[in-house]
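As structure tokens, the structure follows; a few thoughts come after it.
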Amino acid sequence: MRPRTAWLGWLTVLLLPVSAQAQEPPGHLAVPAFLKRLSPEVVLAERVAALEATAGIVLRGAAARDALLVSDVEAGLAALPPAMRRPPGGRLEFVLHAEPAPLGLGDGTEARPEWSEARREQFHLYRYVPSEERRATLRLSRLTDAEAERLWRRRAVVHAVVQRWDDARGWSRRPQWRRLDGWLLPFERPLTWKETASITYAGAFSRARGQASASLDLVTFAEELFVPVESLRPDALPQDDQVRCQELSKARALSEFISEARLGTLPARGDCPAFDAWAEADALSHLEVLLVAATGRQPQSLFGHLLLRPVWREGATVQGPGFERVVQLVALTGMEEKGLGYLMKGMTGGYSTVFLTGTLGDITHESLELEQRTIRRFRLNLTPGESQRMLERTWELERRGYLGYYFFTDNCAAALLFLLNGSLENGRHVSAPGTLWVLPTATLDTLAKTNVVDASGRTVPLLEHVPDAFESTGDRARRALVEEERLLTKLASLLPSNAVAPLRQVHRRLQSPEPEVRRQVWEQVVHAVTTALDAAPASARAEVREALHAWVAHAVRVERAAVDQAEGEKLAIERERLVAVELKGQGGAAQGVKDRQALFEREDAMQRKLAVLDRTALLQQALDTAIKRPPTPEELKALVRAAHAEAAFAAATEAQGALNDGPLADVDPRAFLAKDHEQKVETETTWARGALRESGAARTVVSGGVDFPEVGAARPVVSLRTSAMNEALGDARLHGFQSSSELRVLDGELSVEPRWGVPRLLGSRLTLVGYRTLLPELPQQQRSFSDSLGWGAEARMSTDIGRPLPYRATVEAEALGVVAASERFDTFLAVGLGAQATMAWSPRETVPTVGPRLSLAHRTGLPGPGNSALRLEATYVPSWRTGITPGFTHEADATLQVEWYLGRVARWSVLLTPRAQVHWEGTLASWAGPGRSLASLPEGLARHRLALGVELR
């Protein structure tokens with residue numbers, strides 16, 4: 001540099017910041033006034049020299065002669081915090097090419113590279129041409145072509161400088177950033193071969209180049225954050241569509257990185273009217289995870305479903321509970337028909353998981369009423385900052401959070417963890433409960449085992465049970481039936497028998513499965529209640545009136561459950577009858593995703609339009625105009641029954657209204673509801689206190705014991721039992737299924753005889769899947785004898801070296817009748833009748849057998865915490881065997897087991913399971929004739945085993 005030029009350059013360096021603040025609009029680095037009197041070429045050269053001296057930015061050749069480019073480089077640097085304007089890594093040269101490229105930027109290919117080499121010494125710029133990439137140009141519609149070119153030139157500078165800072169500081173490698181879009185490293189998960197983002201939607205990235213890596217995700221976002229559209233034209237975007245109001249989490253993360261590195265402080269985001277009105281952050285109380293539990297009758301609902309519920313404190317405007325917001329984490333399937341294709345797409349990633357903000361009223365109608373599934377509540381113990389971030393993440397993910405859906409691994413539970421991990425502070429992270437299977441109930445286990453420190457300094461679980469579930473109409477009806485019997489017993493002690501008899505008669509007839517019968521009975525309820533009240537002695541009249549009011553209310557609740565179930569059946573039939581339906585292109589999942597993405601692109605349009613985002617609402621909207629086939633006879637019968645159920649419920653509410661306006665008018669209905677709710681919470685609290693917290697997922701039991709074979713001496717035996725899922729009948733688990741149901745999946749046990757050298761294999765058993773339920777339908781909802789029974793089915797394989805045919809594959813199914821049971825099935829006695837088919841084989845022979853199956857199951861709850869119990873299981877199977885020696889063979893098995901929960905030791909729950917087992921299989925001797933005894937005793941294989949199992953959870 002010549003002496004004069006060098007002197008001017010250094011003077012420019014000293015005066016640049018002052019003049020930039022005093023004379024030029026924001027976003028420019030200005031030239032001192034006296035330099036403007038020099039020739040444009042000299043001034044431009046001094047500006048180029050100043051960039052190199054102050055920021056290490058080198059412009060050569062065509063780049064140094066392009067005055068507009070120099071201005072945009074200066075403006076791009078000015079958009080960054082002062083301490084970031086000189087990037088690490090030495091000089092940074094911008095090379096300008098005459099070849100065109102969309103946005104004037106490289107795309108990482110050999111033809112249009114962004115950088116010359118891995119050391120990132122030269123950043124390449126190209127002649128600007130508009131891009132057809134929708135996300136990159138979405139917010140630029142109000143800019144002229146010249147303004148758009150200036151915008152992308154400035155963003156290019158930010159890109160290059162922030163890339164250098166990211167290379168030096170590793171911001172994009174930090175979990176706080178990678179979790180926002182779910183970036184995975186190669187082999188971090190099975191079948192992940194390269195760095196990949198879990199979010200699949202291009203609109204979640206500032207431009208398509210950001211989808212290539214976490215680093216490019218960060219630097220392309222920095223382009224948009226530091227050089228937003230409104231920096232060129234203040235009115236280019238509404239406030240709510242600006243990047244600061246749309247990408248709250250990414251802006252927060254990048255701001256924290258810069259502050260921690262002491263490179264500056266980014267401005268606060270300012271007002272975002274749409275988000276601020278939605279979030280109501282100042283009124284937020286806490287957040288809850290909701291588990292939509294299984295019904296016990298529908299195995300397809302067994303695995304449960306998770307939701308997120310923000311809970312706000314009540315403000316000046318009272319809002320009904322039905323309008324409270326709930327975040328659904330669901331697969332967007334559109335109106336595609338359920339079938340094999342539907343199932344396969346759900347298992348292979350054919351759908352997208354989305355985040356939907358709905359209302360509690362919608363969830364109530366779908367889950368509590370139509371599906372009759374109770375929703376359990378769990379509170380998240382988050383810090384105020386984490387709660388704020390959860391709101392921000394929910395807002396963003398509803399708009400851009402499309403994740404691949406896989407039923408077993410990437411489901412509602414995985415989506416909840418994705419949302420949560422992007423919000424936790426201080427490096428906290430909750431890992432998925434499995435790699436090949438992520439269960440909602442197991443996810444609750446993981447959250448509950450994660451300890452955090454609350455505002456008082458106490459160590460508490462991240463997730464805590466709230467003993468006040470949202471009760472389904474079906475479960476509420478079951479509770480109501482118990483209360484009805486209790487109230488009738490109470491009334492019998494207060495009234496003459498002739499006054500109680502009409503009540504008992506109508507109560508009995510209200511259990512009829514025929515809704516038309518119940519409708520006629522409801523017309524008699526007013527008379528029966530009035531008669532009972534008139535017969536009450538004066539001293540007990542108030543008590544009788546309250547009991548009668550409660551009895552009527554509970555009876556109406558039972559009727560409500562019946563009409564809700566009928567509505568669900570009616571909706572399913574109407575769907576099956578659809579021939580053609582006008583859905584405006586929303587029939588498929590892919591089209592539904594496309595339409596939804598377009599809806600959320602403009603915040604102002606979104607706020608003016610109520611979106612129909614779920615399958616049920618979309619179906620109900622379309623049914624009125626749909627072309628339908630005529631119903632089948634069975635469907636017509638069900639539709640008529642549904643109409644009668646509606647009429648019965650209408651009659652019930654009319655009778656209740658007449659009584660509450662007449663003889664029962666002195667009873668305060670609010671007091672009844674408050675007392676009923678108090679009793680419900682007290683019952684649930686007591687149940688939760690005695691229940692196991694953990695679900696039955698991922699269980700391991702080690703047992704040691706003794707075998708007593710029929711031939712030979714007793715021998716020691718060691719068993720290892722592992723289960724992907726094992727929840728037995730009667731188990732009470734906060735994170736588990738209904739105690740009236742049992743589910744076993746990949747439940748296997750391996751038994752060996754320990755000895756010197758290699759242990760001797762004695763046998764093995766693997767239940768692929770097994771399910772049992774004891775829960776019958778409500779009396780009013782029973783259509784056939786089978787509805788009054790439970791049922792079970794199982795598929796398993798086993799090996800036993802003591803059998804002539806050591807290998808077996810068995811399939812069985814049975815109907816279960818409950819002889820006696822407690823309300824929550826912690827104590828029960830059930831008998832089963834069914835069928836069993838077995839294929840037994842050895843290397844030389846294969847023998848199929850089939851026959852009936854008799855079973856007995858009993859459980860008695862034991863005192864103490866943790867759901868301790870005494871359990872008895874017995875089966876008998878006489879079956880016909882084919883093959884070389886056909887005939888009947890018999891098999892009997894009985895197991896007596898104690899399940900004794902010892903409590904918690906450190907972070908482990910300890911469960912002891914002493915067990916006695918008897919097994920026999922073989923043939924029975926034939927009868928020798930009248931007056932003669934059996935020719936011989938039964939012949940076959942017998943075994944006795946005593947074992948003690950220990951399980952740590």
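Please read all numbers here as calculations on a predicted model, not as lab measurements. Starting from 1, each residue takes its place in the sequence as its number.
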Quiz item: Can you tell me how far the CG atom of Leu420 sits from the NE2 atom of His429, to the nearest 0.5 Å?
Solution: 9.0 Å
Practice problem: For Ala156, check side chain to side chain contact (heavy atoms under 4.5 Å, CB included) against everything at least two apart and list the hits. | Solution: Leu105, Phe123, Leu125
Quiz item: Between Glu195 and Leu184, is any pair of side-chain heavy atoms under 4.5 Å apart?
Solution: no
Exercise. Before accepting this row, confirm whether a basic side-chain N of the pair Arg60/Glu93 lies closer than 4.0 Å to the acidic partner's carboxylate O.
Key: no
Exercise. Find out whether Phe355 and Leu403 are in side-chain contact, i.e. whether some heavy atom of one side chain is under 4.5 Å from a heavy atom of the other.
Key: yes
Practice problem: Can you spot which of Lys250, Arg139, Arg207 makes a side-chain hydrogen bond (donor to acceptor under 3.5 Å, both in side chains) with Glu224? | Solution: Arg139
Exercise. Give a yes-or-no answer on whether the side chains of Ser249 and Glu396 include a donor-acceptor pair shorter than 3.5 Å.
Key: yes
Self-check item: Proximity of Tyr201 and Tyr402 rings by center, below 6.0 Å
Solution: yes
Exercise. Return yes if a side-chain donor-acceptor contact under 3.5 Å exists between Ser116 and Glu121, otherwise no.
Key: no
Exercise. Measure the acute angle between the ring planes of Trp177 and Phe221, then classify it against the limits of 30° and 60° as parallel, tilted or perpendicular.
Key: tilted
Self-check item: Cation-pi, Trp395 ring and Arg400 (6.0 angstrom, 45 degrees)
Solution: no
Quiz item: Any Lys/Arg nitrogen of Asp410 or Arg189 sitting under 4.0 Å from an Asp/Glu carboxylate oxygen of the other?
Solution: yes
